[in-house]
Amino acid sequence: MSFLNTRHPPLSCKVMAFPRKTQSFTFPLLVLLHLCTTTIAATDTISRSQPLSENITIVSKEGNFKLGFFSPGNNGNFHVGIWFRTISKRTVIWVANRDIPVSNVSSGELTISMDGNLVLKSLGAPIWSSNSTRKLSRSTIAVLLDSGNLILRDQYNSSDIFWQSFDHPTDTIVSGQWFGIDKITREYQNRVSWKDQEDPAPGSFSFHADLVTMSKYVSVWNDLEVYWQSGNWTGKAFTSIPGMPLKSDYSYDFVNNTRELKFRWTTKDVSIITRIIISVNGQLQRHTWSNDSKEWIIEWYFPAALCDVYSVCGPFGVCRTGSDEQCFCLPGFTPAYSRSWNLRAWSQGCLRETDIQCADSNKSTDKRVSDAFLKITNIKISQHPITLKVQSMEECRSICLSNCSCTAYARKDDCNIWNGELRDLKQLSDGNTDGLDIYIRLAASDPLIQESEKKSHHERLTVLIAVLGSIFMALFALGIAVKIFQRRISSQKTFSDNDSLIVYDYSFLQHCTKNFSDKLGQGSFGSVFKGLLPDFKPIAVKKLQGMKQGEKQFHTEVRALGKIYHNNLVHLSGFCLRGVERLLVYDFMVNGSLDTHLFKNEKILDWNTRFLVILGVAKGLHYLHDECHDRIIHCDIKPENVLLDADFSPKVADFGLAKLMDRHFSRALTTMRGTIGYLAPEWIEGLPITPKADVYSYGMMLFEIISGRRNSESMENGTIRYFPVWAAMRISEGDIFEILDHRLSDVNIQELEIACKVACWCIQDNEAHRPTMQQIVQILQGIQDVSVAPVPVLLQQLVEGQYSDTQYCK
């Protein structure tokens, strides 16, 4: 056994020919042949005189890794790869010829070419090469190290390395392997998923350094769509992998300077076998080998939800959300590659079972329109549709049917049309109503369409009989209903398509508010009055001013607002429309607006309540910016528009009364709204407005919540004192307690510091430098770190000479 573990070159065995019938020599001959073959397998080196072929493998010095030919699916296709040697389940960490397998393994050979590169040949022709750009030595050899790294080096100088497999990973990174980017040359390591578990060809998903910021790592679909990012390095962990520091079994090294970004982890216990892969379905996963179960255990994976991987189910595939996440093909479609699909590798998607008629340009027009549509419920689709104004669902259907490129349509207020492949479809779980009912184009001859038409015909017949049977009763009840309706004309009624949103009669609200006599406040969009419903439930009624929308547009916007539910947003319960009058009815907040408690009440809000308000408002704005079906920019964030319920939980009011903006458009030109002192520079400069304008106003409001002071004060000489400028300077110098409301005593210092830094970042001149509301929520929750922001230059210039260092020191 000691002989087999040596690193000497293999013996050159010469075997004499023996008579075929000499039985006494048969056993020694077999033993000698075995010894010769095994000796070759035990070396860790490939040289020009000692290539790697069909039944020969090389093993690293301590026996951790093995390199050789393998067939991942036992399908006759062979690849050269490196795998763990000390575990019972062969697990490949690196593959040379991912794209081009060796079909005849007996003709395959991995050797050192005349130019010194490592070359894989099949039938004598090269199909893969290390392609080192360095000038190689004629004495080059390939050595498999105990780290799992295959290197090309000079035979006589082990430190002269020309090429290494660690610089060219496939889907896996192992302990001690650096992974990053050269910022000068922009060369980077890229992990690309296998196509499926039996095919190492490059799949749809990759993981590498962020090529834009070069400060973190990202998961990407087809080099086009970033769907997950690690977040920045905190010194102990990446912000999106907060559990990293808790793993005492590993040590971490992270380098980020002007020349390079790179990261590696190392197992402290060499007996721990672990790897991080980009899976066939696009999740970044850490696997650790269990000697007890003889299986790989998944420690973590990101994104945490499979359906958050972009296009995980491929074209025309749908990801079912919830506890049982998996893919299925749209009705009328079948897996493009059933073998991969059965292996639960879904990214290659689905194909039509029956070609649509429109696909044949030789068909006449009347035959083309024989295509039909099948309804699929509660689907969320991230692809941008073409949006058209229509009067009916039938008009939307007709537009799609007349366009051969149209694949699906849906109607929610407007007509949404999708052309070509449908990707990144999710079917939402029961109870989640954010999805759409979409209509998928199928051939009229598709069995599903024919079955659906038979069912519809039966249902129509059943309905017709039921309607005829009830006409008599309806006529009898009509007279009574008319009288009841006349008596209750001043009461309330509901939308037909949204039972939660009540349509009030004007005279009814006039009665409930005592002819709008109890005024609660005045905002940018109108006045608010207190009312009391007949069941003694208090309400707040807002009379809108300056609204120029037509009745249809107003109905559209109110419907959208009525479907918005969030713990930190005031709920719209109903509305009234009479002539030019526009009234909105909200739930009444018993503790009024935030400004009353900050600037007017003798009883002050404690720090804990203030921080909950800061976090709650951020969550509400994050929902409006990123999670509503239609993105909403508030345009008037200030303490007067933050209401407090009985538990002092914050509720953002007046959202959606400015311009509704579709989430897929980054900018929208609007008329200038808002309140002086909270307006972002882009308002003043007449630039297009984005959600970052709300971030700016939120930052201004943060200074007021922290300090208990208004952010600006008019002086007798006509000048204005801006507290945020002075505060930003103090924060940059670390003097956060000078900013704090002097009436507060028990304060969480860490929360105060975070809130001060966030406020400074929010009021940056350039909107690109301001964080998003999602990032703000993560910072406030301690998920993401935040540094000290620079003092905004533009704000300084606007108020230069109008404040002094001592104005706010008391």
Side-chain angles (χ1 to χ4, degrees), residues 147 166 169 172-183 188-189 191 207-219 226-278 283-289 297-305 308 611 614-615 618 731-732 734 736 748-758 760-761 771-772 774-789:
S147 60
F166 271 11
T172 303
I173 294 293
V174 294
S175 172
Q177 181 173 355
W178 285 105
F179 184 74
I181 184 171
D182 186 318
K183 295 183 179 180
Y188 63 96
Q189 284 82 46
R191 275 183 284 174
F207 182 78
H208 53 70
D210 185 348
L211 305 181
V212 178
T213 66
M214 288 193 280
S215 63
K216 56 193 172 187
Y217 294 90
V218 290
S219 295
V226 174
Y227 58 86
W228 184 80
Q229 52 186 334
S230 67
N232 291 326
W233 180 253
T234 66
K236 296 181 178 180
F238 293 104
T239 54
S240 294
I241 316 179
M244 283 178 64
L246 304 179
K247 290 293 182 182
S248 59
D249 296 330
Y250 310 110
S251 63
Y252 302 104
D253 297 296
F254 181 75
V255 176
N256 188 8
N257 53 40
T258 56
R259 188 175 64 84
E260 61 183 346
L261 164 79
K262 61 182 181 179
F263 171 79
R264 71 177 177 184
W265 89 94
T266 308
T267 53
K268 296 179 181 179
D269 184 349
V270 294
S271 66
I272 296 176
I273 299 176
T274 185
R275 61 194 173 116
I276 295 179
I277 70 167
I278 182 78
Q283 286 180 310
L284 190 71
Q285 301 176 346
R286 180 190 280 281
H287 295 229
T288 301
W289 179 258
I297 307 300
I298 300 179
E299 292 187 11
W300 49 251
Y301 47 88
F302 296 100
D308 286 342
F611 193 77
I614 290 171
L615 178 58
I731 293 170
S732 67
I736 58 174
N748 185 311
I749 298 175
Q750 184 179 6
E751 290 178 348
L752 173 61
E753 184 178 5
I754 290 173
C756 288
K757 290 179 179 178
V758 168
C760 288
W761 278 113
T772 64
Q774 181 180 16
Q775 290 173 319
I776 291 171
V777 171
Q778 291 177 340
I779 293 169
L780 295 174
Q781 291 177 330
I783 298 174
Q784 185 171 332
D785 286 345
V786 61
S787 59
V788 177

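Values below: every heavy atom of this structure, side chains too, minus hydrogens, waters and symmetry copies.
Evaluation of the ring-ring contact (aromatic ring centres under 6.0 Å, His included) rule for F611 yields no partner, not counting sequence neighbours. Listed by chain and residue number, nothing satisfies the ring-ring contact (aromatic ring centres under 6.0 Å, His included) test with H287 (two or more places apart in sequence, or in another chain). When the side-chain contact (heavy atoms from CB on, under 4.5 Å) test is applied to S175, the partners found at least two apart in sequence or on another chain are W265, T266, T267.
Ring geometry for F238 versus W233: interplanar angle over 60°, hence perpendicular rather than tilted (30 to 60°).
Taking 4.5 Å as the limit, every side-chain heavy atom of Q177 sits out of range of all side-chain heavy atoms of S147. For the pair L261/Y217, a side-chain contact is recorded, criterion being any heavy-atom separation below 4.5 Å from C-beta on. Side-chain atoms of D249 and D269, non-hydrogen and from C-beta on, never get closer than 4.5 Å to each other.
Smallest separation of non-hydrogen atoms from A789 and S732: O-CB, 4.4 Å. Taking each heavy atom of I241 and A237 in turn, the nearest pair found is O-CB, 3.8 Å. Minimum interatomic distance between T172 and V174 (heavy atoms only, all atoms of both residues): CG2-CG1, 4.1 Å. Nearest heavy atoms, Q283 versus A305: NE2-C, 4.2 Å. Shown here for L780 and A618, the closest heavy-atom pair between the two residues is CD1-CB, 4.1 Å. In terms of heavy atoms, P303 sits closest to D308 at CB-CB, 3.8 Å.
From K757, atom NZ reaches atom CD1 of I731 across 10.0 Å, with rounding to the nearest 0.5 Å. For the atom pair CD1 (I736) and CD1 (I754), the distance works out to 10.0 Å, reported to the nearest 0.5 Å. The distance from the CH2 atom of W300 to the OG1 atom of T288 is 10.0 Å, given to the nearest 0.5 Å. Between atom CH2 of residue W289 and atom CZ of residue R275 there is a gap of 9.5 Å, rounded to the nearest 0.5 Å. For the atom pair OG1 (T274) and CZ (R286), the distance works out to 4.5 Å, reported to the nearest 0.5 Å. Taking CD1 of I181 as the reference point, atom CD of E260 lies at 11.0 Å (rounded to 0.5 Å).
Under a cutoff of 6.0 Å and an axis angle of 45°, R264 and F166 do not form a cation-pi pair.
Few gaps surround CZ on F254; more than 12 heavy atoms of other groups in view lie less than 6.0 Å from it.
Looking only at distances, a side-chain donor or acceptor of S240 sits under 3.5 Å from a matching main-chain atom of Q229. Proximity of a side-chain donor or acceptor of K183 to a complementary backbone N or O of N257 within less than 3.5 Å is detected. Remark: the backbone N or O of F179 is not paired with any side-chain donor or acceptor of R191 at under 3.5 angstrom. For W761 (side chain) and S787 (main-chain N/O), a donor-acceptor pair under 3.5 Å exists by modelled atom type.
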key: Criterion side chain to side chain contact (heavy atoms under 4.5 Å, CB included) on V255 and W178, from CA distance to verdict   = CA-CA 10 Å; V255 176; W178 285 105; 4.2 Å; yes

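Among I278, I173, I277, the one residue that satisfies the side chain to side chain contact (heavy atoms under 4.5 Å, CB included) test with F207 is I278.
In the model, K216 has no side-chain atom that pairs as donor or acceptor with a side-chain atom of N256 under 3.5 Å.
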